[in-house]
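Worksheet: the structure to be examined is printed underneath.
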Amino acid sequence: MDRLPNPAWLRSFESAARHLNFTTTAKELGLTQTAVSLHIRSLEADLGQKLFTRNARRLELTELGQSYALTVRRALGDIALSTNSLFGPASRQSLTVRAAISTATYWIAAELPDFVTRHPDIPVRLVSHIWNDTIAPKDVDVEIRMGYGDWPGVTSEKLTDEKLVPICRSGSPIPDLHALRDGPLIHILGYEDNWARYFQAHGLPPAEHAPLYSVDTSVAALQLVMAGAGCATIVERFARNAMAQGAPIQIAGPAIPFAQSHYLIAAPGSAQPSAAAGLFCAWLRDRLALDAAG
């Protein structure tokens, strides 16, 4: 590591450079005047340069001291800012929510402003993943998963019953089911049979041609649809939230039941959910109850 003076000396120097008074500096730092004076002398000895000119009634910074004070002040300010952001009092009450990227993008992110409005003292960190079998980090307070609720080692609570819809780019005529079946299709890895299930639900055989695109998230599928690359099947909740956000897509056929659901997993990385996690889970249940009633 490059040469770095004792941080305590630097802290005393920065304060003394602002106040130009060792007594005031000592009060600010909770030290004695003798300790501050020793810190400054030690720093000057370590650097081999005088940082202050000691007059009879006051201190003055040397030119070199003035330049060094700016650098030290900026560096200590950066450390203080990072420390407060990452480890300050607010972070102890923060909430980390983990969800699949599609769930995070087209559901949870749209709902979070309401939670923060109700609980402005709880900062929220939303993190995402692609596959459910990835292990949640220890600092995750709440996880929302899409699946069948049969994950080993966790306790899951069913939140939603989902439906599946086909989507196509908006601004063009909605194709009928036969045209939809014959058109360019987009498959989502892990849900390759969704098109077959959709057509089967309407008494049609699966499409005979291979899909032009296969992607690993509903987010990517939706982007391809917006680009006019073809049609995709996604969770109706995602489609409607995307349209509410202005995505140029439209639902291209009636919804069918989707076998998978969203599940709530509280405290996936620890034994006991935090108070913030409890508030979030209660809020999410209330939001879903309102949606169901509406």
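What you are looking at is a predicted structure, and each value in this text was computed from that prediction instead of being measured.
By the 4.5 Å heavy-atom criterion applied to side chains, Val219 and Phe238 are not counted as neighbours. Side-chain atoms of Leu43 and Leu51, non-hydrogen and from C-beta on, do get closer than 4.5 Å to each other. In this structure, the side chains of Glu162 and His262 come closer than 4.5 Å at one or more pairs of heavy atoms. Using a 4.5 Å cut-off on side-chain heavy atoms (C-beta onward), Leu284 and Ile144 make contact.
Aromatic ring centres of Trp283 and His119 lie farther apart than the 6.0 Å criterion allows.
Below 30°, between 30° and 60°, or above 60°: for Phe52 and Phe22 the angle between ring planes is above 60°, a perpendicular geometry. Ring planes of Tyr191 and Phe258: tilted class, angle from 30 to 60°.
By the rule that hydrophobic residues join a cluster once side-chain heavy atoms approach within less than 4.5 Å of another member, Leu212 and Met226 end up as members of one cluster.
The pair Asp78-Arg74 fails the salt-bridge criterion, with no side-chain N (NZ, NE, NH1 or NH2) lying under 4.0 Å from an Asp/Glu carboxylate O. A salt bridge is defined here as a Lys NZ or Arg NE, NH1 or NH2 lying under 4.0 Å from an Asp or Glu carboxylate O, and Arg237 with Glu111 fails to meet this definition.
Side-chain contact annotation: Ser15 with Arg11, donor-acceptor N/O pair under 3.5 Å absent. Side-chain contact check for His39 and Ser12: at least one donor-acceptor pair (N or O, by modelled atom type) lies under 3.5 Å.
A search for side chain to side chain donor-acceptor pair (under 3.5 Å) contacts involving Thr96 returns Arg125, not counting sequence neighbours.
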side-chain contact (heavy atoms from CB on, under 4.5 Å) evaluation trace for Gln33 with Val36: CA-CA 5 Å; Gln33 182 179 347; Val36 171; 5.7 Å; no
